[in-house]
Engineer: 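Below: one structure in structure tokens.
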Amino acid sequence: MSVPRTSSRPTDPDPDLDFDPDALRAKYRAERDRRIRSDGNAQYQGTGGEFGYYADDPYADPEFTREPLHDRVEALIVGGGFGGLLAAARLRQAGVESIRVIDKGGDFGGTWYWNRYPGIHCDIESYVYLPLLEEVGYIPKWRYAPGEEIRQHARAIARHFDLYDEACFQTQATELRWNDAEAEWAVSTDRGDRMRARYVIVATGTLSQAKLPGIPGIETFQGHTFHTSRWDYSYTGGDANGGLHKLAGKRVALIGTGATAIQVVPHLGRDAKHLYLFQRTPSSVDVRDNRPTDPDWARSLKPGWQRHRMENFLKVVTGIRTDEDLVDDSWTSSARLQEKLVPTNAYRDVPAEERERAYELADFQKMNQIRARVDAVVQDPATAEKLKPWYRYMCKRPTFSDEYLQTFNRPNVTLVDTADTHGVERITENAVVVGDRAYEVDCVIFATGFEAGISGILSGRLPVYGRRGVHLFEAWSQGPKTLHGFYTHGFPNLFQLGPTQSAAAVNFVHVLDEQATHVAEVVAQARERRARYVEPCPEAQNAWLATLRKNAPDLYKFRAECTPGYYNNEGMPPERNEAYADGPVAFHELLRRWREDGGVEEVLVEAERA
Ligand code: NDP
């Protein structure tokens with residue numbers, strides 16, 4: 001459908017618009033209503049129990065064993081992705097010698113360890129996404145780096161900061177228990193360890209537990225099946241660069257059309273005998289424009305360049321006026337629309353109504369461009385129509401590709417729209433069923449994403465017992481209570497990295513670096529002052545909560561009207577928003593000032609006087 005332009009009306013005060021906002025609003029609402037499900041998040045199931053094999057590690061040695069450890073380290077970090085690596089690096093720089101990282105995977109890398117599907121890249125510019133480039137002495141080879149290069153960089157960070165010797169891989173933390181007499185944490189794991197640590201930092205990520213749709217019959221499928229975060233190259237052949245030669249005679253079903261599928265589809269389309277792509281909601285697919293790093297540009301970089309570039313990117317994408325846009329890509333050009341995901345005070349000087357109207361019009365214009373791109377690339381008009389996203393830009397994770405839409409011009413690729421049936425209806429022993437048609441396939445690949453925002457201590461899978469054996473969830477029975485998102489009264493010397501009661505951004509690795517730097521500085525001062533505990537008082541937590549609530553922008557209406565997905569809790573967004581309202585740039589500044597103004601004093605308990 002294309003929305004026709006109509007004559008100007010009172011609700012459409014701009015006569016120069018070449019579209020009708022009312023018609024678009026109505027179309028968006030209708031498309032959302034087609035997809036909303038009453039079972040919300042309950043439509044999904046985890047990759048545990050009988051589906052445990054979906055989460056098996058295809059890369060690590062399944063026979064690996066080691067003796068349980070009962071030793072003591074100064075800092076123990078749960079999670080070896082960029083959050084854990086940054087925490088370890090910043091602690092090392094602060095002088096901490098005894099650091100252990102533990103991770104369920106067989107190496108460092110986190111999301112880049114698990115996700116190795118064909119086509120994997122990061123769609124945030126590599127020069128701002130890959131952390132610690134100057135420290136490690138590395139310049140990425142591409143503007144948008146392939147996953148393997150990012151994974152190797154994670155390993156290089158671990159080598160550079162000497163983290164391998166103490167690291168424990170293929171090890172899952174199963175309990176954190178505070179021992180007040182010794183002022184240390186007991187960390188239990190699934191390998192029988194009972195390690196002791198003065199400080200524990202939990203950096204377990206936000207999208208780390210793969211999820212499956214609860215499609216009836218999913219367990220009856222007799223062909224091959226796996227999740228994109230555990231790509232089975234022994235079945236497909238090839239590697240992350242493609243060349244999936246073993247699929248030449250196979251009919252493949254891919255379920256899901258999020259940021260992962262966008263990168264996978266061109267390879268499956270090229271290599272499978274036939275690809276059936278099962279779509280419920282189309283992604284917005286904007287220009288990618290990847291290119292190799294210009295060696296002259298790389299040579300011209302002056303010390304401090306990466307921090308400058310990261311900060312510039314963060315400012316631009318959070319709407320802060322700056323003279324230059326160093327990254328200058330599809331993220332920065334759509335900056336204004338991102339406030340709907342990450343709050344910022346950048347445009348608060350404009351009256352709310354005027355601001356809202358301007359946003360909405362800019363959003364319609366952006367999405368019209370995205371839809372026009374579909375028409376320009378996809379030859380079959382019926383397929384093109386199905387591929388058009390009808391929602392506001394930040395309702396769903398934007399994606400970027402110069403190959404995805406082109407794949408639908410191949411004769412061996414079929415797009416199966418499942419919006420009217422709220423997704424794939426059924427899976428049988430040899431087929432995927434939608435409406436009255438069963439699509440017989442040899443293989444079903446799930447590109448169905450991850451449990452959002454919950455891992456580690458937030459998921460309950462890593463129980464935490466603080467003073468007097470109190471469970472963290474008991475202390476948080478009315479919702480999380482923290483100072484700055486990092487620590488909680490009653491749980492001394494425990495820090496968490498992540499978005500809780502903090503400020504997120506699309507370049508989340510930058511956010512993690514600021515958090516890691518802050519935690520390392522607090523730990524450094526605790527060591528220097530011989531503080532027994534790092535722990536906020538309840539009043540400081542209450543004050544932080546009050547700060548978060550005082551200015552919280554009301555994003556409920558926007559999110560509730562969005563097409564369902566993990567950004568809005570499947571169409572049921574929380575009414576309260578507890579992110580720092582002034583956005584990440586202001587949050588980082590607040591942390592810096594807090595440190596400079598002696599704020600650390602507030603959280604050092606039983607410290608020696610300076
Ligand atoms: P998503 O959660 O974004 O996508 C899951 C897909 O599965 C959706 O298209 C969803 O449809 C579909 N789906 C779920 N259930 C069904 C069903 N029953 N029938 C049919 N379809 C179904 O997961 P991704 O792995 O794609 O991405 C997760 C996140 O990982 C991204 O949002 C991004 O943050 C990150 N990522 C980042 C990349 C980068 O370059 N930086 C690259 C890849 C991922 P519907 O939308 O209708 O729910």
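Below, each value reflects all heavy atoms present in this structure, side chains not excepted, and no hydrogens, waters or symmetry copies. All ligand and atom numbering here is 1-based and tracks the order in the structure. Being a predicted model, the structure only gives us computed values, none of them experimental.
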Engineer: Can you tell me if H153 and E149 form a side-chain donor-acceptor pair at under 3.5 Å?
Structural biologist: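 H153 vs E149: no donor-acceptor pair found between side chains.
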Engineer: Decide if atom NZ of K366 counts as having more than 12 heavy atoms of other residues, nucleotides or ligands within a radius under 6.0 Å.
Structural biologist: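 Atom NZ in K366 is crowded, with more than 12 foreign heavy atoms closer than 6.0 Å.
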Engineer: Does the separation of the ring centres of F400 and W331 fall below 6.0 angstrom?
Structural biologist: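 Ring-ring flag for F400/W331: true, centres closer than 6.0 Å.
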Engineer: State whether the shortest distance between N or O atoms of P564 and N or O atoms of ligand 1 falls below 3.5 angstrom.
Structural biologist: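 Min N/O separation from ligand 1 is not below 3.5 Å for P564.
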Engineer: Are any of the heavy atoms in I124 under 4.0 Å away from ligand 1?
Structural biologist: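 The answer is no, since I124 has no heavy atom less than 4.0 Å from ligand 1.
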Engineer: Tell me, please: is Y144 in heavy-atom contact with ligand 1, that is, under 4.0 Å?
Structural biologist: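 Y144 does not count as a contact of ligand 1 under the 4.0 Å cut-off.
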Engineer: For Y391 together with Y28, are the ring centres under 6.0 Å from each other?
Structural biologist: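 No, the ring centres sit 6.0 Å or more apart.
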Engineer: Under 3.5 Å between any N/O of R280 and any N/O of ligand 1: does that happen in this structure?
Structural biologist: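 N/O-N/O distance below 3.5 Å exists for this pair.
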Engineer: Quick one: look at L207 and ligand 1, take heavy-atom pairs under 4.0 Å, and tell me if it's side chain, backbone, both or neither.
Structural biologist: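 For L207, only side-chain atoms sit under 4.0 Å from ligand 1.
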Engineer: A cation-pi test, strictly: NZ or CZ of R288 under 6.0 Å from the centre of the six-membered ring of Y144 and no more than 45 degrees from its axis. Yes or no?
Structural biologist: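 Yes, cation above the ring, under 6.0 Å and within 45°.
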Engineer: Between side-chain atoms of residues 253-265 and protein atoms elsewhere (two or more places apart, or another chain), which donor-acceptor pairs fall under 3.5 Å?
Structural biologist:
unit_1	atom_1	unit_2	atom_2	d
T257	OG1	T281	O	2.8
Q263	OE1	Y117	OH	2.7
Q263	OE1	H121	N	3.2
Q263	NE2	H121	O	3.2

Engineer: Is the contact between P213 and ligand 1 made by the side chain, the backbone, both, or neither, using heavy atoms and a 4.0 Å cut-off?
Structural biologist: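 For P213, the contact with ligand 1 is made by the side chain alone.
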Engineer: Can you tell which part of F508 has a heavy atom less than 4.0 Å from ligand 1: side chain, backbone, both or neither?
Structural biologist: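 Within the 4.0 Å criterion, F508 makes no contact with ligand 1.
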Engineer: Suppose I only count heavy atoms of Y117 and a 4.0 Å limit; which atoms of ligand 1 are within that range?
Structural biologist: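 Near Y117, the atoms of ligand 1 are 42 (C), 43 (C).
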Engineer: Consider every N or O of R37 and every N or O of ligand 1, then say whether any pair is closer than 3.5 Å.
Structural biologist: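 Min N/O separation from ligand 1 is not below 3.5 Å for R37.
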Engineer: What part of K396, side chain from CB on, backbone N/CA/C/O, both or neither, has a heavy atom under 4.0 Å from ligand 1?
Structural biologist: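 Side chain only.
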Engineer: Any chance the rings of F82 and F508 have centres within less than 6.0 Å?
Structural biologist: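 No - the distance between ring centres of F82 and F508 does not fall below the 6.0 Å cut-off.
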Engineer: Say whether Y566, considering both its backbone and side-chain N or O atoms, lies within less than 3.5 Å of an N or O atom on ligand 1.
Structural biologist: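 Yes, at least one N or O pair falls under 3.5 Å.
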Engineer: Taking distance alone, with N or O pairs closer than 3.5 Å, would you say Q43 contacts ligand 1?
Structural biologist: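 No.
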Engineer: If you measure every N/O of E570 against every N/O of ligand 1, is any gap under 3.5 Å?
Structural biologist: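 There is no such contact.
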Engineer: For ligand 1, which atoms have a heavy atom of G256 less than 4.0 angstrom away?
Structural biologist: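 Taking each heavy atom of G256 in turn, ligand 1 has 6 (C), 7 (O), 9 (O), 12 (C) under 4.0 Å.
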Engineer: Could you check whether the rings of Y404 and F408 sit parallel, tilted or perpendicular, using 30° and 60° as the cut-offs?
Structural biologist: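 Perpendicular: the ring planes of Y404 and F408 meet at over 60°.
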Engineer: Between H224 and D442, does any side-chain donor sit less than 3.5 Å from a side-chain acceptor?
Structural biologist: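 Result is no, nothing qualifies.
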Engineer: So, is the end of the R230 side chain (NZ or CZ) under 6.0 Å from the ring centre of W114 and within 45° of the ring's axis?
Structural biologist: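 Judged by the rule (NZ or CZ under 6.0 Å from the ring centre, within 45° of its axis), R230 counts as positioned above W114.
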Engineer: Return the option from I255, L254, N115, V432 holding the heavy atom at the smallest distance from atom 20 (C) of ligand 1.
Structural biologist: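 Closest candidate by heavy-atom distance is I255.
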Engineer: Take a 6.0 Å sphere around CZ of R397 and say whether it holds more than 12 heavy atoms from other residues, nucleotides or ligands.
Structural biologist: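 It does: R397 CZ has more than 12 such atoms within range.
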Engineer: Relative to the heavy atoms of A447, which atoms of ligand 1 are at a distance of less than 4.0 Å?
Structural biologist: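 Counting atoms of ligand 1 from 1, those under 4.0 Å from A447 are 4 (O), 5 (C), 6 (C), 7 (O).
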Engineer: Is there a heavy atom of Q263 sitting under 4.0 angstrom from any atom of ligand 1?
Structural biologist: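 True for this residue.
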Engineer: In terms of relative ring orientation, are W231 and F226 parallel, tilted or perpendicular, with 30° and 60° separating the classes?
Structural biologist: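 Correct class here is perpendicular.
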Engineer: For ligand 1, which is the ligand I care about here, please tell me if F278 has any N or O atom under 3.5 Å from one of the ligand's N or O atoms.
Structural biologist: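 No; the residue has no nitrogen or oxygen that sits under 3.5 Å from a nitrogen or oxygen of the ligand.
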Engineer: Give a yes/no on ligand 1: does H121 have at least one heavy atom closer than 4.0 angstrom to it?
Structural biologist: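 Judged by the 4.0 Å heavy-atom criterion, H121 does count as contacting ligand 1.
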